[in-house]
Amino acid sequence: YQSQFSCNNTCTGPNVWQEIFQNCNGRSQSPINIVTRKVHRDERLTPFHFEGYQATFHGRLINNGHTVQLELPSGIRISGGHLTEKYKAVQFHLHWGKEGKPGSEHLIDGEQFPMEMHIVHIKEKYDSLSQAAKDRTGVAVLGFMFQESESNNEKYSPLVDALKRITEPSSNTTLTGVSLEMFIPPQKSLTKYFRYDGSLTTPDCAEAVVWTLFESTIPMSRNQLSAFYQLRFPDGKHMVQIYRPVQPLNGRVVYYSNGYISVASWVLLTSSVLFSSAVL
Ligand SMILES: *[C@@H]1O[C@H](CO)[C@@H](O)[C@H](O)[C@H]1NC(C)=O
Ligand SMILES: [Zn+2]
């Protein structure tokens with residue numbers, strides 16, 4: 001993952017490296033492996049309110065040398081979901097593996113998925129991600145896992161087709177007539193999610209992110225996934241395996257929204273009911 005950020009002639013001394021990786025040794029880093037039998041159910045994790053997700057727009061799709069990113073127009077916001085205030089969407093990007101190898105950043109019970117999408121939101125009062133990254137809860141990322149499907153996900157065709165036009169780093173193209181809701185599962189299936197406090201997964205790894213990872217996955221065919229592996233890094237190599245490995249939890253708790261009782265807590269619940277009736 002560090003190789004994506006290798007310095008060309010623009011960065012010199014070791015202090016530059018220190019600056020780039022400033023927070024990457026912190027204690028609340030991302031991504032993590034989510035162990036579902038250890039999550040804490042939290043009823044404050046209510047459904048999100050999505051604003052402007054259904055609006056169509058023209059957006060710039062960029063090969064920025066370490067991922068593919070879609071710039072989002074203003075007017076797309078999220079609230080609810082136990083966020084303290086409204087956050088506005090700025091971009092989404094993806095993390096993937098290589099042919100036949102998964103590449104999500106987060107793992108669920110040790111399972112890595114073929115790809116992961118991050119919709120990056122920042123508090124409304126900030127003008128940029130770098131500004132928001134100075135605030136412990138300045139950034140809210142919505143993460144979605146992909147699962148391999150037999151048939152193409154037609155809703156992704158405009159994006160997948162556009163990848164051919166941006167195989168070279170620093171190139172861009174315009175996606176026309178797309179909306180954010182095209183790229184994610186139906187809203188009614190977005191009530192189940194995991195929540196924890198973490199960091200950006202790329203340098204400087206600022207610990208400023210309220211993470212939300214949805215249980216519902218996005219289907220994508222093997223053919224469509226292959227299109228991502230054709231993009232190129234600045235060194236000319238194929239842009240593959242662009243994910244950061246999982247980081248230690250260091251005592252952090254992962255919370256889970258509504259509608260979930262793990263087997264372990266079910267046993268606890270049942271035995272405490274038996275116990276209290278025995279006492280009575
Ligand atoms: C998009 O590409 C054009 C050249 O094709 C370039 O002038 C422009 O700066 C690029 N924009 C971004 C945001 O990368
Ligand atoms: Zn990301």
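Read the numbers this way: they start at 1 and go in the same order the structure lists the ligands and their atoms.
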A.B. asks: So, applying side-chain contact (heavy atoms from CB on, under 4.5 Å) with Tyr243, which one of His106, Glu116, Gln112 is it?
C.D. replies: Gln112
A.B. asks: Decide yes or no on side chain to side chain donor-acceptor pair (under 3.5 Å) for Thr36 and Tyr256, but give the supporting numbers first.
C.D. replies: CA-CA 9 Å; Thr36 57; Tyr256 188 84; over 6 Å; no
A.B. asks: Which atom name would you report as the N, O or S atom of His118 nearest the Zn ion (ligand 2)?
C.D. replies: ND1
A.B. asks: Do Arg244 and Thr201 pair up side chain to side chain, a donor and an acceptor below 3.5 Å, judged on atom types alone?
C.D. replies: no
A.B. asks: Which of the listed options, Ile166, Asn172, Ile62, holds the heavy atom that is closest to atom 6 (C) of ligand 1?
C.D. replies: Asn172
A.B. asks: Would you mind checking which non-hydrogen protein atom is closest to atom 13 (C) of ligand 1, with the distance to 0.1 Å?
C.D. replies: Arg60 CD, 3.5 Å
A.B. asks: If you scan the protein for heavy atoms around atom 4 (C) of ligand 1, do you find one that is closer than 4.0 Å?
C.D. replies: no
A.B. asks: Roughly, to 10 degrees, what angle do His93 atom NE2 and His95 atom NE2 form around the Zn ion (ligand 2)?
C.D. replies: 100°
A.B. asks: Taking the ring of Phe48 and the ring of His121, is the distance between their centroids below 6.0 Å?
C.D. replies: no
A.B. asks: Just checking Tyr156 against Phe146, ring centres under 6.0 Å apart?
C.D. replies: yes
A.B. asks: Under the 4.0 Å line, does any protein heavy atom show up next to atom 9 (O) of ligand 1?
C.D. replies: no
